[in-house]
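What follows is a set of notes on a single structure, which appears directly below.
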Amino acid sequence: MASKIKLLILNGCSYAETYAGGNGHRDLADRLGIDSAESIALGGSANSRILRTTTKHAFSNAVPTFYVVGLTFMARWELP
């Protein structure tokens, strides 16, 4: 039997960050019956940062989680 999803994580660039600022991720979690929602979105992010931080979170997280990933433009690069 599958575990109930308990957490929604939103990650992306400024578009996702703005969505979270208006509690869109919390509204989505409520509609899906998920207990809590968090955002790790960061304005100005490149796809490499979005994918890296999502993967890092998933590997260090033991809670059943639904990830919402908003990718950005391909031309956006991450600076070291």
Side-chain angles (χ1 to χ4, degrees):
M1 184 164 83
S3 299
K4 180 184 182 303
I5 297 173
K6 299 193 181 301
L7 177 62
L8 182 142
I9 295 291
L10 171 68
N11 199 1
C13 65
S14 55
Y15 292 105
E17 188 178 39
T18 301
Y19 180 73
N23 283 325
H25 65 310
R26 179 65 257 166
D27 183 51
L28 179 59
D30 289 343
R31 290 171 183 255
L32 295 174
I34 299 172
D35 298 335
S36 61
E38 297 175 17
S39 174
I40 56 174
L42 182 64
S45 293
N47 287 327
S48 56
R49 182 238 162 240
I50 296 165
L51 295 174
R52 184 183 68 253
T53 56
T54 302
T55 303
K56 181 179 178 180
H57 189 281
F59 279 121
S60 65
N61 180 25
V63 177
T65 304
F66 182 78
Y67 289 89
V68 178
V69 178
L71 297 176
T72 189
F73 305 102
M74 293 298 295
R76 194 177 271 182
W77 295 96
E78 184 176 25
L79 296 175

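Keep in mind the model is a prediction, meaning the values are calculated, not measured.
Within the structure, every pair that satisfies the ring-ring contact (aromatic ring centres under 6.0 Å, His included) test and touches residues 21-64, not counting sequence neighbours, is listed here: His57-Tyr67.
The closest side-chain heavy-atom distance from Ile9 to Thr54 is not below 4.5 Å. Under the 4.5 Å side-chain criterion, counting only non-hydrogen atoms from C-beta, Met74 is in contact with Asn47. Taking 4.5 Å as the limit, some side-chain heavy atom of Asn11 sits within range of a side-chain heavy atom of Thr53.
Residues satisfying the ring-ring contact (aromatic ring centres under 6.0 Å, His included) test with Tyr15, not counting sequence neighbours, are none.
Of all heavy-atom pairs between Ala41 and Cys13, the closest is CB-O, 4.1 Å. Contact detail for Pro64 and Lys4: the closest heavy-atom pair is CB-O, 3.4 Å.
Atom CG in Asp35 sits 10.5 Å away from atom CD1 in Ile5 (nearest 0.5 Å). Atom CG of Leu7 is separated from atom CG of Asn61 by 6.0 Å, given to the nearest 0.5 angstrom. For the atom pair Leu28 CG and Ile34 CD1, the distance stands at 6.5 Å (nearest 0.5 Å). Atom CZ in Arg76 sits 7.5 Å away from atom CD1 in Ile50 (nearest 0.5 Å).
The main-chain N or O of Val63 is found under 3.5 Å from a side-chain atom of Thr65 such that the two form a donor-acceptor pair.
Transitive grouping of hydrophobic side chains (ILVMFWY, heavy atoms separated by less than 4.5 Å) keeps Val68 and Leu51 in distinct clusters.
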